[in-house]
S.K.: 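The structure under discussion is supplied below as structure tokens; questions concerning it will follow.
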Protein chains: 2
Amino acid sequence: MSRRDGDVVEVFAALGDRTRQDLLDLLARGQGSSSAALAEPLGVTRQAVEKHLRLLEQVGLVTARRDGRRVAWAVRPETVRRSAQWLEARSAEWERQLALVKAAAEKADGA
Amino acid sequence: MSRRDGDVVEVFAALGDRTRQDLLDLLARGQGSSSAALAEPLGVTRQAVEKHLRLLEQVGLVTARRDGRRVAWAVRPETVRRSAQWLEARSAEWERQLALVKAAAEKADGA
DNA sequence: GCACTCTGCAACCATCTGGTTGCATGGAGA
DNA sequence: TCTCCATGCAACCAGATGGTTGCAGAGTGC
């Protein structure tokens with residue numbers, strides 16, 4: 001597994017949390033871009049939101065832009081799309097490999 | 001977010017771990033199907049592998065089939081494919097929403 | 001029948017995680 | 001200039017996690 005594969009593992013780990021999924025939804029819908037604005041619909045403190053946002057930023061799922069003292073967060077869907085494509089390729093690869101293994105096993109049984 | 005969405009979150013959490021990713025790779029390649037056979041290339045104990053396998057089974061990524069006292073584990077790529085498609089749809093949806101938000105903001109600026 | 005093999009399970013441990021609280025700092029508006 | 005607002009950060013906490021060790025039970029081959 002290459003280093004890039006390692007990055008993808010972190011993206012999946014980041015996506016494997018309900019609060020972060022909801023957070024990304026809110027950001028994509030334009031329903032708030034500051035941590036305080038996002039905290040209220042999520043039902044957690046703004047510090048919890050900031051923690052999640054920093055993790056999402058770390059794996060490339062969101063970006064931050066300073067606006068005076070405010071920070072405007074935004075989703076980066078292209079990172080999600082790339083991860084989806086990576087996963088799709090993996091499942092296709094696994095299906096291909098399983099077909100080979102299955103064919104080899106049937107050949108052995110016939111022998 | 002629907003209940004099915006909740007399931008997907010668990011799939012991503014399951015995929016967000018390097019050992020489990022490697023485990024799925026080994027299973028797909030047919031390089032061992034029992035916990036003991038899988039533990040050696042992963043460098044962890046068979047109990048650790050079994051823990052991971054049970055979690056993967058819980059979210060539908062692998063299946064177990066009893067073979068006497070042995071358990072043969074197998075990957076279910078269709079679950080991975082479905083999750084990839086879900087993610088692809090989400091990123092497309094987020095891109096669509098972001099475009100709407102961006103257009104609305106530009107309209108407001110022009111006013 | 002017995003020894004061996006494979007699995008299941010629980011207890012344990014160090015670390016991580018998701019969240020809260022409290023306080024400090026910097027930007028902005030009056 | 002001062003007050004307010006928004007953010008940053010650290011400490012804390014309960015629970016979860018990933019792994020190990022030890023032991024018991026069931027299947028299997030001799």
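Below, chain A is the first sequence line, B the second, and so on; all start at residue 1.
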S.K.: Using a cut-off of less than 4.0 Å, is there contact between a side-chain N or O of Ser35(A) and OP1 or OP2 of dA6(D)?
M.R.: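 No, Ser35(A) has no side-chain N/O under 4.0 Å of OP1/OP2 on dA6(D).
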
S.K.: Would you state whether a donor and an acceptor, one from the side chain of Arg46(B) and one from the base of dG8(C), lie under 3.5 Å apart?
M.R.: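 When only heavy-atom distances are counted, Arg46(B) does reach the base of dG8(C) through a donor-acceptor pair under 3.5 Å.
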
S.K.: Could you list the protein-to-nucleotides 28-30 of chain D atom pairs, N/O on both sides, closer than 3.5 Å?
M.R.:
residue, atom, partner, partner atom, Å
dT28(D), O4', Arg69(B), NH1, 3.2

S.K.: Among dG19(C), dT20(D), dT21(C), which nucleotide sits nearest the side chain of Gln47(A)?
M.R.: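 So the side chain of Gln47(A) is nearest to dT21(C).
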
S.K.: Which nucleotide in the set dG18(C), dT7(D), dT20(D) lies at the smallest distance from any side-chain heavy atom of Val44(B)?
M.R.: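 Taking heavy atoms from C-beta onward, the closest nucleotide is dT20(D).
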
S.K.: Considering only side-chain heavy atoms of Arg70(A), which listed nucleotide, dG8(D), dA6(D), dT7(C), is closest?
M.R.: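 Shortest atom-to-atom distance from the side chain points to dA6(D).
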
S.K.: Are side-chain heavy atoms of Leu38(A) and Leu53(A) found at a separation under 4.5 Å?
M.R.: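 Side chain of Leu38(A) against side chain of Leu53(A), heavy atoms only: contact under 4.5 Å found.
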
S.K.: Checking contacts here: which listed nucleotide (dT7(C), dG8(D), dT20(C)) is nearest the side-chain heavy atoms of Ala48(A)?
M.R.: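 Closest nucleotide among those given: dT20(C).
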
S.K.: Check for a donor-acceptor pair, side chain of Asp67(B) on one end and backbone N or O of Arg70(B) on the other, with a separation under 3.5 Å.
M.R.: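 No, the answer is negative, given that no donor and acceptor are paired below the 3.5 Å cut-off.
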
S.K.: If the cut-off is 4.0 Å, is Thr45(B) near the phosphate of dT20(D), judged by side-chain N/O to OP1 or OP2?
M.R.: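 Answer is yes, contact under 4.0 Å.
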
S.K.: Ignoring hydrogens and angles, tell me if any N or O in the side chain of Ser33(A) forms a donor-acceptor pair with the backbone of Trp73(A) under 3.5 Å.
M.R.: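 It does not hold such a pair.
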
S.K.: OP1, OP2 of dG19(C) versus side-chain N and O of Arg20(A): anything below 4.0 Å?
M.R.: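 No, Arg20(A) has no side-chain N/O under 4.0 Å of OP1/OP2 on dG19(C).
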
S.K.: Between dG18(D), dT21(D), dG18(C), which nucleotide has the shortest distance from any of its atoms to the side chain of His52(A)?
M.R.: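 Out of dG18(D), dT21(D), dG18(C), the nucleotide with an atom closest to His52(A)'s side chain is dG18(C).
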
S.K.: Looking only at the side chain of Lys51(B) (C-beta and beyond, no hydrogens), which of the listed nucleotides dG19(D), dG19(C), dT21(D) gets closest?
M.R.: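 Among dG19(D), dG19(C), dT21(D), the one nearest the side chain of Lys51(B) is dG19(D).
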
S.K.: Compare side-chain N and O positions of Thr19(B) against OP1 and OP2 of dG18(D) and report whether any pair is under 4.0 Å apart.
M.R.: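 For dG18(D), neither OP1 nor OP2 has a side-chain N or O of Thr19(B) closer than 4.0 Å.
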
S.K.: With Glu50(A), which of Arg54(A), Gln47(A), His52(A), Arg46(A) fulfils side-chain hydrogen bond (donor to acceptor under 3.5 Å, both in side chains)?
M.R.: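 Single side-chain hydrogen bond (donor to acceptor under 3.5 Å, both in side chains) partner of Glu50(A) among Arg54(A), Gln47(A), His52(A), Arg46(A): Arg46(A).
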
S.K.: Looking only at side-chain atoms of Arg54(B), point me to the closest of dG22(C), dG8(C), dG19(C).
M.R.: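 Nearest nucleotide to the side chain: dG8(C).
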
S.K.: How many whole angstroms separate atom CH2 of Trp73(B) from atom P of dG8(C)?
M.R.: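 Rounded to whole Å, this separation is 7 Å.
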
S.K.: Rounded off to whole Å, could you give me the CZ-to-P distance for the Arg66(A) and dT25(C) pair?
M.R.: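 Whole-Å distance recorded here is 16 Å.
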
S.K.: Using modelled atom types and a 3.5 Å cut-off, is there a donor and acceptor pairing between side-chain atoms of Arg81(B) and backbone atoms of Arg90(A)?
M.R.: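 Flag not set: sc Arg81(B) to bb Arg90(A) has no pair under 3.5 Å.
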
